[in-house]
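Each remark here refers to the structure printed beneath this line.
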2 protein chains.
Amino acid sequence: MADKDQGASARAAKPTINDVARLAGVSKKTVSRVINRSPLLNDETRERVEAVIRQLGYVPNPQARALALGRNFLVGLIHDNPNAQMVLNVQHGILEALAGTDFEMVVRPVDRNSSMLLDDVRAFLERQRLFGVVLLPPISENDALARLCDEVGCRYVRMGSAQLDSSEHMVASNDREAVREATAYLIQSGHRLIGLIEGPDGFRSARERRLGFEDAIKAAGLKLARSLIAGGNYTFETGVTAANRLLDLSPRPTAIFASNDEMAAGIVFAARERGISVPDDLSVIGFDDTPIAAHIWPPLTTVRWPIVSMARSAARKLVGDVVLPGDDSQPSMLPSMLVKRGSVAPPKPEVA
Amino acid sequence: MADKDQGASARAAKPTINDVARLAGVSKKTVSRVINRSPLLNDETRERVEAVIRQLGYVPNPQARALALGRNFLVGLIHDNPNAQMVLNVQHGILEALAGTDFEMVVRPVDRNSSMLLDDVRAFLERQRLFGVVLLPPISENDALARLCDEVGCRYVRMGSAQLDSSEHMVASNDREAVREATAYLIQSGHRLIGLIEGPDGFRSARERRLGFEDAIKAAGLKLARSLIAGGNYTFETGVTAANRLLDLSPRPTAIFASNDEMAAGIVFAARERGISVPDDLSVIGFDDTPIAAHIWPPLTTVRWPIVSMARSAARKLVGDVVLPGDDSQPSMLPSMLVKRGSVAPPKPEVA
DNA sequence: GCATGGATTGACACCGGTTTCCGAATATCA
DNA sequence: TGATATTCGGAAACCGGTGTCAATCCATGC
């Protein structure tokens with residue numbers, strides 16, 4: 001009751017498909033064919049209708065299309081906020097891929113630890129009838145979630161650090177190889193006692209990065225000491241804590257690889273508190289190449305994770321069929337690369 | 001052509017309003033009344049229908065409702081990525097306010113400098129027929145954008161650093177007063193030569209913060225030296241550049257206030273490069289209280305900007321009428337507060 | 001000149017809700 | 001008990017597109 005006048009009288013009513021049809025002297029269906037780029041359509045008719053569309057400034061109503069088609073034009077981004085910069089980068093990547101299409105992006109943060117996770121997501125997907133979703137790590141590593149998407153008939157693409165689904169449903173980076181390379185770089189710089197701050201249990205990225213680390217250590221014939229591996233949580237604070245544990249060791253490691261930049265920044269923070277100089281007394285390498293990596297002192301040598309490209313690729317995989325039929329060429333694997341900055345130096349002679 | 005079987009046969013068809021009506025032995029209209037909480041409805045009937053809804057797990061189709069009602073259930077977030085953490089905080093605030101309602105959030109980054117800005121946004125709003133939008137600073141300071149929203153009949157709420165629209169359309173913080181307080185704190189600590197790195201021209205937040213700075217300087221009877229004010233761009237890099245300019249002065253300022261944390265981090269970075277100790281040789285205060293403020297060394301004294309609360313309030317203002325009719329109680333002004341950490345100390349005697 | 005057939009086009013039902021209009025049922029009241 | 005007011009429920013139209021299927025048109029072949 002008590003309807004509000006939203007100023008409808010002030011602005012012209014939006015033209016509908018019927019208006020276009022009437023002015024062009026064709027049927028609704030034909031206009032619909034023009035909109036949907038149907039190939040079985042006379043060029044002359046198409047042009048006439050398009051002229052009317054331009055003249056009227058007609059825009060098809062997405063809600064009506066969504067209802068008729070049984071699905072809307074929304075791509076969901078489901079994430080368990082791992083890191084603000086990363087989430088925003090992903091949003092940009094997705095929107096880049098969606099630009100110029102009819103699709104929009106809706107964002108859905110979820111709580112990884114909630115017992116309601118699957119129910120929440122199911123309700124979200126069923127209610128909104130999304131066209132598809134992009135799943136961000138770490139939540140993308142949850143197989144139950146992928147199965148749920150299948151079950152409710154929602155397309156999905158998972159982003160992650162390893163190929164944990166068919167290439168149709170996956171965009172991955174090669175974390176293991178990239179970390180092997182980063183660690184090899186430390187070894188090549190002369191380090192022999194190298195610490196690792198790994199990510200949380202159950203994270204695929206943590207596992208892949210740890211495996212890469214181990215690959216390099218083994219390949220160099222070094223000993224893989226259990227004590228040189230500390231656990232972290234991908235947060236700055238746990239980076240500080242883990243770094244303190246490693247820096248208490250004797251002999252002390254001369255270099256530490258952290259599974260992400262936040263924790264690497266924590267190492268630098270902890271080192272500074274103890275008067276340990278980075279990189280003179282301690283070399284540090286992180287992972288991700290978030291802005292913090294370039295903004296702390298010294299600038300962090302890190303592995304650049306191609307998150308924007310991955311997101312773009314993921315979104316294209318989702319809507320590719322519709323936008324560019326037959327374009328199945330989105331890559332499923334994008335390489336991570338070592339970025340050398342100022343946090344790595346050869347170890348001091350007396351330590352080595 | 002070439003329809004794909006999306007596994008429809010595998011999952012049960014979704015119940016429609018007709019199924020509910022049949023099972024409850026009532027008409028569609030009655031079910032619709034239950035869904036829309038119509039007051040003219042027998043309690044007994046309502047309960048019976050609700051029981052069936054629960055039993056069937058019925059969820060009204062948002063696309064159909066959107067079509068019938070002429071508006072959808074989407075709240076847009078329009079931003080010109082000022083800072084990842086801030087954008088994500090705003091997303092969380094909005095989604096908090098929207099949780100439990102039928103609304104979803106769609107995100108729309110725009111380019112402040114694009115000549116197509118207004119056309120892009122207009123196309124977006126007209127196409128999607130959004131229920132409403134939240135405008136983030138700095139783009140929220142664009143009056144033309146607000147007028148555009150009015151024009152296309154889209155509700156809007158602007159977030160910002162000053163009350164630049166009616167309270168119905170605005171959620172603001174009191175930046176000027178908060179910065180006055182922060183600067184007064186520096187003066188009270190003994191500083192007399194205080195630098196300012198301000199935000200870019202044309203940003204309302206930059207202006208408000210500068211005014212607060214000037215308020216405090218004048219109130220203390222200090223001289224407002226033009227040379228002590230440097231311009232920045234709200235980025236880390238310009239913070240470094242501006243800090244270098246100020247630190248080249250002789251006599252050198254003993255404290256610097258930066259209009260945001262990124263630039264304040266740039267000051268700390270520049271100081272470290274020059275061997276100037278923070279806070280012993282230089283005190284620094286930032287603004288925003290982003291995570292970087294707590295994660296650099298020393299932890300940054302800063303002004304906490306209540307961005308999450310502002311976003312929540314903004315979203316509630318938008319959908320409040322629908323969700324809680326008559327709830328007009330969302331605040332339009334939320335206070336910023338000084339957070340004291342480790343980057344401020346009294347100036348050294350010989351410098352003072 | 002007429003049948004054949006591919007290329008175009010249009011009529012109509014339908015997606016799943018909301019709303020209008022009106023008849024029916026219940027409650028209140030004389 | 002009958003009349004009137006009030007509330008509730010049902011049929012059908014409508015929101016603005018899309019799918020199905022048949023009709024129409026024109027060129028070609030005999």
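Letters A, B, ... are given to chains in the order of the sequence lines, protein chains preceding strands, and every chain is numbered from 1.
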Problem set entry | Euclidean distance, A:D111 CG relative to A:I139 CD1, rounded to 0.5 Å | 8.0 Å

Exercise. What distance do B:I17 atom CD1 and B:K28 atom NZ have between them, rounded to the nearest 0.5 Å?
Worked result: 6.5 Å

Exercise. Only one of A:R147, A:K317, A:R158, A:R204 clears salt bridge (Lys or Arg N to Asp or Glu O under 4.0 Å) with A:D165; which?
Worked result: A:R158

Problem set entry | Lys/Arg cation over aromatic B:F73: B:R71, 6.0 Å, 45° cone | yes

Seminar exercise, completed: Assign each of A:R129 and B:K29 the nucleotide of DNA chain C bearing its closest heavy atom; nearer the 5' end lies the nucleotide of A:R129

For this session: For B:D102 and A:Q128, work out which heavy atoms get closest and say how close.
Result: O-NE2, 4.2 Å

Problem set entry | Flag for A:N36-A:R65: side-chain donor and acceptor within less than 3.5 Å | yes

Problem set entry | Terminal axis angle for the helix from C:dG1-D:dC30 to C:dA30-D:dT1, five pairs an end, nearest 10 degrees | 50°

Exercise. If you take atom types as modelled and just measure distance, does the side chain of A:K28 reach the base of D:dG17 with a donor-acceptor pair under 3.5 Å?
Worked result: yes

Exercise. What is the distance, rounded to the nearest whole Å, between atom CZ of A:R33 and atom C1' of D:dT18?
Worked result: 10 Å

Exercise. Given atom CG of A:N72 and atom P of D:dG17, what is their separation to the nearest angstrom?
Worked result: 16 Å

For this session: Measure up the B:H92 and A:H79 rings against each other and bin them: parallel (under 30°), tilted (30 to 60°), perpendicular (over 60°).
Result: perpendicular

Problem set entry | Outermost DNA chain C nucleotides near chain A [under 4.0 Å, heavy atoms] | C:dT8 to C:dG16

